[in-house]
Amino acid sequence: VQLQASGGGLVQPGGSLRLSCVVSGRTFISNAVGWFRQAPGKEREFVAGILRRDGNTFYAESGKGRFTISRDNAKNTVHLRMNNLKHEDTAVYFCAAARTVVDLQAKIASWGRGTEVTVSS
């Protein structure tokens with residue numbers, strides 16, 4: 001499975017961004033797709049995930065109410081809409097794909113290269 005993330009950039013506090021992740025290759029084995037982020041000096045942390053077959057979503061507390069994950073199965077793409085961005089959201093964002101939610105959250109997954117998000121005035 002290959003993943004290509006895009007959509008990062010510089011945004012002011014309170015602004016919005018939409019990240020996209022295109023999944024290719026053996027997509028049928030990757031039902032759970034999600035986003036993680038890693039800030040400088042910190043561990044990579046889970047942000048949000050979605051099940052490609054039924055669309056069920058799950059979020060870390062940090063993103064609830066501000067982030068929305070969605071999928072477009074026709075385009076093998078998963079999006080992460082981030083609203084009301086804060087300084088602490090600054091990080092490199094990675095998308096990942098795994099067989100199950102458990103594997104995804106355990107980081108037993110295929111990874112794409114990250115896309116950088118900087119929230120700064």
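These numbers come from a predicted model, not from an experiment. FYI, side chains are in, hydrogens and waters are out, and symmetry mates aren't considered; it's all heavy atoms of this structure.
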| field | Separation between CG of Asn76 and CD of Gln2, rounded to the nearest 0.5 Å | value | 11.5 Å

| said: Test your reading of the model: is there a side-chain donor-acceptor pair from His87 to the backbone of Val119, 3.5 Å cut-off? | reply: yes

| said: Tell me if the centroids of the rings in Phe46 and Phe58 come within less than 6.0 Å of each other. | reply: yes

| note | Residues Ala32 and Leu51: closest non-hydrogen pair is CB-CD2, 3.9 Å

| message | Within this structure, what is the CD1-SG distance for the pair Ile50 and Cys21, rounded to the nearest 0.5 Å? | response | 11.5 Å

| query | Would you say the side chain of Val92 lies within less than 4.5 Å of the side chain of Arg37, judging by non-hydrogen atoms? | reply | no

| Point-to-point distance, once rounded to the nearest 0.5 Å, from CE of Met82 to OG of Ser16 | 9.0 Å

| remark: In short, Leu104 meets Ala109 closest at the heavy-atom pair CD1-CB, 4.4 Å

| task | Check whether more than 12 heavy atoms from other residues, nucleotides or ligands sit under 6.0 Å from atom CD of Glu88, and answer yes or no. | result | yes

| query | Does Gln38 have any side-chain hydrogen bond (donor to acceptor under 3.5 Å, both in side chains) partners at least two apart in sequence or in another chain, and if so, which? | reply | Arg44

| field | Main-chain N/O of Arg66 paired with Tyr59 side-chain donor or acceptor, under 3.5 Å | value | no

| Going from CZ on Arg81 to CZ on Phe67, what distance comes out if it is rounded to the nearest 0.5 angstrom? | 11.5 Å

| said: For a 4.5 angstrom cut-off between non-hydrogen side-chain atoms, does Val78 reach Ile69? | reply: yes

| Do the side chain of Asn31 and the main chain of Ala98 share a donor and acceptor less than 3.5 angstrom apart? | no

| said: Working to the nearest 0.5 angstrom, can you tell me the gap between Thr68 OG1 and Leu80 CG? | reply: 8.0 Å

| Where do Leu85 and Leu17 come nearest, in terms of heavy atoms and distance? | CD1-N, 3.9 Å

| query | For Ala96 and Leu3, which heavy atoms make the closest approach, and how far apart are they? | reply | C-CD2, 3.8 Å

| task | Can you run down the side-chain hydrogen bond (donor to acceptor under 3.5 Å, both in side chains) pairs that involve residues 109-121, sequence neighbours left out, and say none if there aren't any? | result | none

| task | Output yes when a side-chain donor or acceptor of Arg71 lies under 3.5 Å from a complementary backbone atom of His79, and no otherwise. | result | no

| task | Check whether the ring centres of Phe36 and Phe94 lie less than 6.0 Å apart, and answer yes or no. | result | no

| note | Minimal heavy-atom distance between Arg52 and Val33, with the atoms involved, is CD-CG2, 3.3 Å

| Looking at CG of Leu19 and SG of Cys95, how far apart are the two atoms once the value is rounded to the nearest 0.5 Å? | 9.0 Å

